[in-house]
2 protein chains.
Amino acid sequence: MKRPTIADIARRAGVTKSTVSFALNGRPGVSDATRTRILDIAREMGWQPSRAARALSGGRAGVLGLVVDRPARTLGIEPFFMQLISGIEGELSSRDIALMLQVTEDADAQRATYRRWWAERRVDGVFVVDLCVDDERIKVLAELGMPAIVVGGPQGLGGLPGLWNDERTAVRSVVEYLVALGHRRIARVAGLPGLWHTVMREEAFEDAARELGVTPSGGTTDYTGDAGARATRRLLSSSTPPTAIVYDNDVMAVAGLSVATEMNIRVPDRLSIVAWDDSVLCRLVHPPLTAISLDIPAYGAEVARRLADLSAGRPVTSACHATPVLAPRGSTGPAPVL
Amino acid sequence: MKRPTIADIARRAGVTKSTVSFALNGRPGVSDATRTRILDIAREMGWQPSRAARALSGGRAGVLGLVVDRPARTLGIEPFFMQLISGIEGELSSRDIALMLQVTEDADAQRATYRRWWAERRVDGVFVVDLCVDDERIKVLAELGMPAIVVGGPQGLGGLPGLWNDERTAVRSVVEYLVALGHRRIARVAGLPGLWHTVMREEAFEDAARELGVTPSGGTTDYTGDAGARATRRLLSSSTPPTAIVYDNDVMAVAGLSVATEMNIRVPDRLSIVAWDDSVLCRLVHPPLTAISLDIPAYGAEVARRLADLSAGRPVTSACHATPVLAPRGSTGPAPVL
DNA sequence: CGATTCTACTTAACCGGTTTTTCAAGCGTG
DNA sequence: CACGCTTGAAAAACCGGTTAAGTAGAATCG
């Protein structure tokens, strides 16, 4: 009933612990006959290595960590994280690495978690999400020498390897698409202004607008549906309301759609809506939302692969993962004739 | 630069490892003077215990596990899990316990994960979610003797402690509310038929319907928006369509609302909609959905508290946590006059 | 006042692996 | 046949904690 250890195996095989260890790890110095016998006994006894013992002597925990810094209520609603985690998981479990998750209330707690995890050797590395401008975490991680990969970039990485998506191209394709439909007043309801990807999308949006002769407008939010609804109400109440709005996430886009419905502004007849971050949510509402789509689980898997490599001591470089593509649905159409 | 160990502290303090260990753990047998000195040195050197070493000698990993068995795409959309995790986290982090997360593809993989985690001593216990009728996991956990708490119940626990909510009362209050509004044909779009909570809600719904003279109808789904939409279309196309529909989760309720909009059936004038599982999603759409609301983070925190106790060897009993309450919003109204 | 109990430590073993060192036997070779 | 070389395995140290057992010296006690 008790869990077998290599000492138990050694006793049964009539050899010493070290021989068992060598045999189980496929290292030389053990005859084929002995090795086979040991492996058979280990299998028969249902032996599994103790992670704690391995971590203690080998120095590796076999765990990677993810700290998410979002308030409880808003966390749940965004499908992004769960999809990312799901993708990360798929990759890690095939490598027998576990994922440790921590939800924190603020950035300070997040940095404290990194320090604690590293000091306690609980994890071999961490995924860094929601990269901010002047992100303090970068410094902490560099100081600790902790393997880390940024889920984002290419700006603001500060020496850490990152994996990002080509959002600039995606933003451009959205603006081009809307312009082709005749829209000239396009608004963007952005997410948190401190996040790098908000900054980058904003830049790309303004560049594209300028080049294509479009009047941009917009504002930043905290990603919540409420904020999205408020921003939408403000935009639609202006004297020169936009004919198309691009939202930085799906939740705000859905909220924006509700506001339009509530204000009796038909979508897509009088207003076109585009959501960043495609998810079931976008297909759930009526009309279904045109969205910028990305295979998030695949992104998570690739990020996980890289962090696993990094924490195993293999060199990892920064890279661009993919270009999100526009998935046109019922919420976008020709601009209304003014 | 190297991480300090208790041996380092011992050397600096001029005592032995064991004295340091006793001092740091607040155990008797150390003079106050020595204890203070040791604590000061430990603080100064920035000592943190090695989890691996503790796990190895103490036998406890300081980690609790959660295995979620949902396909990647649908996982993200349901706010329930993230809220639950968030609540669990809040409680665990205050006790310095970490949470290990694994997303699996099927029930077999889930059981395999339990076995592996236990064999490797990676976790001290697990949270069991989505309890099924004849759930194989119960047997595995009992066989392993692994501390576990079921997030659900009271039926189907098979000896495991559980923490559930009084859904029977909640179901009843919903039916009473709808009957008071004049509804006599009420449908229920249920979730997965194999889950215990689906079975219990179904029973409660039929009991309440019978007692209150209501004609029930409905069907089971896989919780996805698509399935919810299909079920809604079928119900609304029947010769005697329901005047109110209760959905087993918020995603399906939103999908149902879209279907009604698409079929030009005004909500709540001609159809009332109630969602189980309140979330931002319900307030996001127009009209906002009447929902059965529960403080999920608080539920998660209580569950975490219990599992932490259980894995620490303290006895834990099964209990009912709370009764979900009805939050009336714009999607419910008086039954249409036929 | 000698025996006993406390106090404050030290010594040493242990948890379950990995890794370095040591050693004996078998082998070919000049 | 003495020598070095290789091979297969044992012995022992180590990772960083916890903990049972042992031991001085001081306090208590009949």
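Lettering follows sequence order; numbering is per chain, from 1.
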_Bending between helix ends of the helix from C:dC1-D:dG30 to C:dG30-D:dC1 [5 pairs per end, 10° resolution]_ =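 Axis-to-axis angle, ends of the helix: 60°.
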Which nucleotide in the set [options] lies at the smallest distance from any side-chain heavy atom of [X]?
X: A:I6; options: C:dT10, C:dT18, D:dA9; answer: C:dT18
X: B:K17; options: D:dA9, C:dA13, C:dT10; answer: C:dA13
X: A:S57; options: D:dA10, D:dG17, C:dT18; answer: C:dT18
X: A:R3; options: D:dT19, D:dG17, C:dG16; answer: C:dG16
X: A:L56; options: C:dT11, C:dC9, D:dG16; answer: D:dG16
X: B:T19; options: C:dT19, C:dT10, D:dG17; answer: C:dT10

Reckon [X] touches a base, only the sugar-phosphate, or nothing at all at heavy-atom distances under 4.0 Å?
X: B:S50; result: sugar-phosphate
X: A:R27; result: sugar-phosphate
X: B:E120; result: nothing
X: B:G58; result: nothing
X: B:S21; result: base
X: B:T16; result: base

_With A:S311 via side chain to side chain donor-acceptor pair (under 3.5 Å) - residues at least two apart_ =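 Side chain to side chain donor-acceptor pair (under 3.5 Å) check on A:S311 returns nothing, list empty.
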*Set of side chain to side chain donor-acceptor pair (under 3.5 Å) partners for B:R305, sequence neighbours left out*: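 Expected list: B:E91, B:E302.
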Within the pair [X] and [N], is there a side-chain N or O less than 4.0 Å away from OP1 or OP2?
X: B:R54; N: D:dG16; value: no
X: B:W47; N: D:dG17; value: yes
X: B:S18; N: C:dA12; value: no

*asked:* Please identify which of these residues, A:R3, A:R51, A:R54, meets the salt bridge (charged side-chain N to carboxylate O under 4.0 Å, His left out) condition with B:E120.
replied: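 It is A:R51; the other options fail the test.
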*Enclosure of A:D96 CG (heavy-atom neighbours >12, cutoff 6.0 Å)*: yes
*asked:* Quick one, A:T19 with A:T16, criterion side-chain hydrogen bond (donor to acceptor under 3.5 Å, both in side chains). Give me CA distance, side-chain angles, the key distance, then yes/no.
replied: CA-CA 5 Å; A:T19 305; A:T16 59; 3.3 Å; yes
*Atom CD in B:E89, atom CG in B:L66: separation rounded to 0.5 Å?*
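Going from the CD atom of B:E89 to the CG atom of B:L66 covers 10.5 Å.
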